[in-house]
Amino acid sequence: MLLDLEFVRNQFPAFESPVLSTHAFFENAGGSYPCRQVVDRLTRFYTHRKVQPYAPYPSSELAGSEMDEARTRLAAMMNVTGPELSFGPSTSANTYVLAQAVRGWLRGENAAIVVTNQDHEANSGVWRRLAEDGVEVREWQIDPQTGSLNPQDLATLLADGRVRLVAFPHCSNVVAEINDVAAISAMAHAAGARTVVDGVSYAPHGFPDVAALGCDAYLFSAYKTFGPHQGIMVLREAFGMELPGQAHYFNQSVLYKRHTPAGPDHAQIAACAGMADYIDALAAQHGIDGDAATRNRAVHDLMRAAEVAVIAPLLDYLAARNDLRLIGPRAAALRAPTVAVALDRPALPVAQALGRDGIACGGGDFYAVRPLTAMGVPLDQGVLRMSAAHYTSPAEVTRLIAALDRAL
């Protein structure tokens, strides 16, 4: 079965916009277009529900029920319980709060944690700062040529049994190679460690089955998964209740409130249910039934297959050039459709030239200073990053390749 691209693009108002539709959009790794279902729910909330939720009058009850709906439906899609999913202002903020909980959890212990140098800084810096409290920080280092993480290197870091937590990305926002979360989590658990996965660069390419991944925490951003600007954290109950709570003392018995010290953004949380509406709409259009997790897994596979097919010509084109370095795997099936290249000059002016030529993409370090440094990419040049999504069309990729021919 192939993804119905016409149906997909009809779900996104951006493709009808007289402003946004003038360019081919390859900045999805920075933030995706919101789907119509999210826009409609956000508009409805601000128009008809903009009151304090959970009070005993009709509009307030509706507001609270829509917020609850977002949490329970997204959790069901990802095969976890409703209380295991919480919202926060961003993934960076959620990761910071989680790190403070781990700081208290490990305080006074002769413990170590593992971080990678493949990560975006949000899932690296906050963990490294636990060294301030005496936690030993061990770095799982990428191969400087490929950007890959070798599981055998992790096994060495885990060998003495002192590691309590491993933080790593599902995939990097510049390397884009998809890491085997289930295998890494199993390895960490066998050594007595918990796992925290940064899913920001993977989740836009298909919401994961978190239970199947086996990790203890999975974090990603709704504004990169066709929704509003919220961070979403899945924190499995055993780990979440073991960690010291970070919210008001009277909220700590409820898991989805236990590690969310910021007040909820009512409208944006409610609008997140639109992401579940969208997945359900895709399932219905493609004749997919079953429970929420089953439907989501099938839609995930449709999205991934479409992205692998659409990005392959770009990877072929870039691999054939000898004036740039393709970062990450050559094969589309091994990576997210986030394609970064190191040029022989600064990337930002090239991105600006592409912008004038009808292509939206970016140039810089994308907060991936550690992996780019490890791979020998000069930070003053950065990388040119072109990122697709399941709604990217083959015609847009052809347009991008033609524009690259003119700009490079």
Side-chain angles (χ1 to χ4, degrees), residues 71 73-86 91 94-95 98 102 113-116 118-120 122-123 127 140 148-151 154-155 158 163-173 175-222 224-225 231-243 255-256 259 275-276 279 290-305 307 333-336 338:
R71 188 181 66 258
R73 288 181 66 198
L74 289 173
M77 278 171 44
M78 292 185 283
N79 202 17
V80 297
T81 68
E84 292 178 314
L85 187 144
S86 60
T91 295
N94 286 347
T95 308
L98 185 60
V102 170
I113 63 171
V114 171
V115 298
T116 83
Q118 192 188 61
D119 275 287
H120 179 291
N123 199 42
W127 301 113
W140 184 10
S148 299
L149 291 167
N150 186 338
L154 175 61
L158 295 170
V163 173
R164 299 290 303 281
L165 182 138
V166 179
F168 65 99
H170 201 157
C171 67
S172 160
N173 68 333
V175 177
E177 181 173 11
I178 299 170
N179 294 317
D180 189 341
V181 174
I184 295 167
S185 293
M187 182 185 299
H189 290 161
R194 300 286 193 176
T195 53
V196 174
V197 179
D198 177 358
V200 168
S201 295
Y202 183 86
H205 311 295
F207 291 100
D209 181 329
V210 175
L213 294 179
C215 54
D216 299 287
Y218 191 96
L219 301 97
F220 65 98
S221 300
K224 298 184 181 183
T225 55
I232 295 176
M233 177 169 66
V234 175
L235 186 58
R236 302 313 304 269
E237 183 174 10
F239 188 38
M241 298 307 291
E242 183 178 351
L243 293 173
L255 181 55
Y256 72 88
H259 300 289
M275 298 187 293
I279 298 302
D291 63 18
T294 300
R295 297 194 304 273
N296 178 60
R297 284 191 292 267
V299 170
H300 166 285
D301 292 348
L302 278 175
M303 288 180 168
R304 282 291 297 143
E307 291 175 342
L334 300 179
R335 63 183 298 149
T338 300

Looking just at side-chain N and O atoms, do [X] and [Y] make a donor-acceptor pair shorter than 3.5 Å?
| X | Y | value |
| --- | --- | --- |
| Glu177 | Ser148 | yes |
| Thr294 | Asp291 | yes |
| Asp216 | His189 | yes |

Next item on the list: State which residues pass side-chain contact (heavy atoms from CB on, under 4.5 Å) with Ala76; sequence neighbours excluded, sorted by chain then number.
Entry: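 In terms of side-chain contact (heavy atoms from CB on, under 4.5 Å), with neighbours along the sequence ignored, Ala76 is linked to Ala292.
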Next item on the list: With sequence neighbours left out, write down each residue that passes side-chain contact (heavy atoms from CB on, under 4.5 Å) with Asn296, or none if nothing qualifies.
Entry: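 Expected list: Met77, Phe207, Ile279.
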Heavy-atom closest pair, residues [X] and [Y]:
| X | Y | result |
| --- | --- | --- |
| Val210 | Cys215 | CG1-SG, 4.1 Å |
| Pro204 | Gly199 | CD-O, 4.3 Å |
| Trp127 | Ile113 | O-CD1, 3.3 Å |
| Leu85 | Ala75 | CD1-N, 3.8 Å |
| Thr225 | Met275 | O-SD, 3.1 Å |
| Ser221 | Val200 | OG-CG2, 3.7 Å |

Test item: [X] side-chain N/O and [Y] main-chain N/O as donor-acceptor pair under 3.5 Å:
| X | Y | value |
| --- | --- | --- |
| Arg194 | Leu165 | no |
| Asp198 | Asn123 | no |
| Asn179 | Val181 | no |

Margin query: Could you check whether any side-chain heavy atom of Leu158 comes within less than 4.5 Å of a side-chain heavy atom of Trp140, counting everything from C-beta outward?
Written below: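 No, every pair of side-chain atoms sits at 4.5 Å or beyond.
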Checklist line | Any Leu98 side-chain heavy atom under 4.5 Å of Leu219 side chain | finding: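 They are in contact (side-chain heavy atoms under 4.5 Å apart), so the answer is yes.
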Check: For the side chain to side chain contact (heavy atoms under 4.5 Å, CB included) test, which of Thr338, Asn173, Val175 pairs with Ser201?
Finding: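 Going through Thr338, Asn173, Val175 one by one, the side chain to side chain contact (heavy atoms under 4.5 Å, CB included) with Ser201 is satisfied by Asn173 alone.
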Check: Hey, which of Glu84, His259, Met241 is the one that makes side chain to side chain contact (heavy atoms under 4.5 Å, CB included) with Leu235?
Finding: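 With Leu235 as partner, Glu84, His259, Met241 yield a single side chain to side chain contact (heavy atoms under 4.5 Å, CB included), made by His259.
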Note to self: To the closest 0.5 Å, what do you measure between OH (Tyr256) and OG1 (Thr81)?
What the structure shows: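 That separation rounds to 12.0 Å.
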